[in-house]
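Scroll down for the structure; my scribbles are underneath it.
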Amino acid sequence: MTTLGAVFLPQLPPERLRAVVRAADESGLEELWLWEDCFRESGIATAAAALAWSDRLRVGVGLLPVPLRNVAIAAMEIATLTRLFPERVHIAVGHGVQDWMHQVGARVESPVTLLREYIAALQALLAGERVSTEGRYVQLRDVALDWPPPAAPPILAGAIGPKSMRLVGEASDGAVLTAGNSPSAVVEAKKILDAGSAAAGRKSVPVVVYLHAATGPDAEERMEAERANWQYDTIADRSVVGDAATVARAVRALADAGADTVVLQPTPDDPDPEGFVRFVARDVRPLV
């Protein structure tokens, strides 16, 4: 069965998070995903709060920009969350938006090399290994976590270009695809991911896909504003607007294309964020 989730967008102030988390948890939403967008909200801090405020909700962070975070610090934080909230944490890492990385002096010459080194070191640390490595960007000297999780959590990775996508298939435990991907684009992405997995002698990685979604008042107008904001030439097949049945059909189309998890991404100006997660859980979920 396709997993269904929703996004708490960082365009909302942090103090709105608790009400959205409670609505998601009480309505039975499977997963709530958070973003670490510069320069809005931290992914780890919001994840910790969301997990503490909920009883059963799984929380994803998609994604942590690796140029911003030393891999040992990331491992410590992920291990802590995993031990505090077993089997309820999904973490994805990625290049980050390169303009933002430049703004803070963290942009690197080869983002693919950094991500490859980072994923390998992060997975090893979370597996409880003592790590020494002298990579181009990641250097660790006899580093081991005092409190590794009992079982290493999966580390997902975000990807856009074919080189990064192939790396994600080779090295990560799952892929995260941004909203704006049509079902046909997901099919093509799966081919690249699977080629990377096959080259590494691994099984295909699970795929998480975000989907622009809007329902309720002014939904068409709000989605058109999203199209302009993301500079799409068309919104057709890149988003869904309408009632639960319409949204469910779009989710099923992505699932048929290869998505294991579909995460509905509301517009930043959605008038009722709490109502949106209830809509996903109570109205869309039964139809998927």
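On a predicted model such as this, the values are computed, not experimentally measured, just so you know.
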Problem - Connected via hydrophobic side-chain network under 4.5 Å: W35 and L177 - result: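 W35 and L177: separate clusters.
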Practice task
Give a yes or no on whether L51 and L57 share a hydrophobic cluster (residues Ile, Leu, Val, Met, Phe, Trp, Tyr; joining criterion: side-chain heavy atoms under 4.5 Å apart).
Solution key: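 Yes, same cluster.
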Problem - Shortest non-hydrogen contact from A24 toward S27 - result: O-OG, 3.2 Å
Problem - Closest non-hydrogen atom pair between A72 and L140, with its separation - result: CB-CD2, 4.4 Å
Problem - side chain to side chain donor-acceptor pair (under 3.5 Å) between D194 and S197, worked out - result: CA-CA 5 Å; D194 290 348; S197 298; 5.1 Å; no
Handout entry: Neighbour count >12 (heavy atoms, 6.0 Å) for atom CG, L84
Key = yes
Practice task
Might you confirm whether atom CD of E220 has over 12 heavy atoms from other residues, nucleotides or ligands at distances under 6.0 Å?
Solution key: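 Counting neighbours around CD of E220, 12 or fewer heavy atoms of other residues, nucleotides or ligands fall under 6.0 Å, so no.
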Exercise for the section: Find out whether D25 and R56 are in side-chain contact, i.e. whether some heavy atom of one side chain is under 4.5 Å from a heavy atom of the other. Expected result: yes
Handout entry: Heavy-atom check, side chain of L17 versus side chain of L34, under 4.5 Å
Key = yes
Exercise for the section: Establish, from distance only, whether the side-chain atoms of T246 and D243 form a donor-acceptor pair under 3.5 Å. Expected result: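 Their side chains do contain a donor-acceptor pair, which is all the 3.5 Å distance test asks for.
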Exercise for the section: Could you label the plane-to-plane angle of the W33 and Y210 rings as parallel, tilted or perpendicular, counting under 30° as parallel and over 60° as perpendicular? Expected result: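 Perpendicular, since the angle between the ring planes exceeds 60°.
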Practice task
Working to the nearest 0.5 Å, report the span between CD of Q123 and CD1 of I78.
Solution key: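 Rounded to the nearest 0.5 Å, the CD-CD1 separation comes to 10.5 Å.
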Exercise for the section: Spell out, as yes or no, whether a donor-acceptor pair under 3.5 Å connects the side chain of E117 to the backbone of Y137. Expected result: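 Yes.
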Practice task
Can you run down the salt bridge (Lys or Arg N to Asp or Glu O under 4.0 Å) pairs that involve residues 59-75, sequence neighbours left out, and say none if there aren't any?
Solution key: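 Salt bridge (Lys or Arg N to Asp or Glu O under 4.0 Å) check on residues 59-75 returns E36-R69, R69-E77.
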Handout entry: Partner set under side chain to side chain contact (heavy atoms under 4.5 Å, CB included) for A92, not counting sequence neighbours
Key = L63, L156, V176
Problem - Members sharing I235's hydrophobic cluster (side chains within less than 4.5 Å) - result: M223, W230, Y232, V241
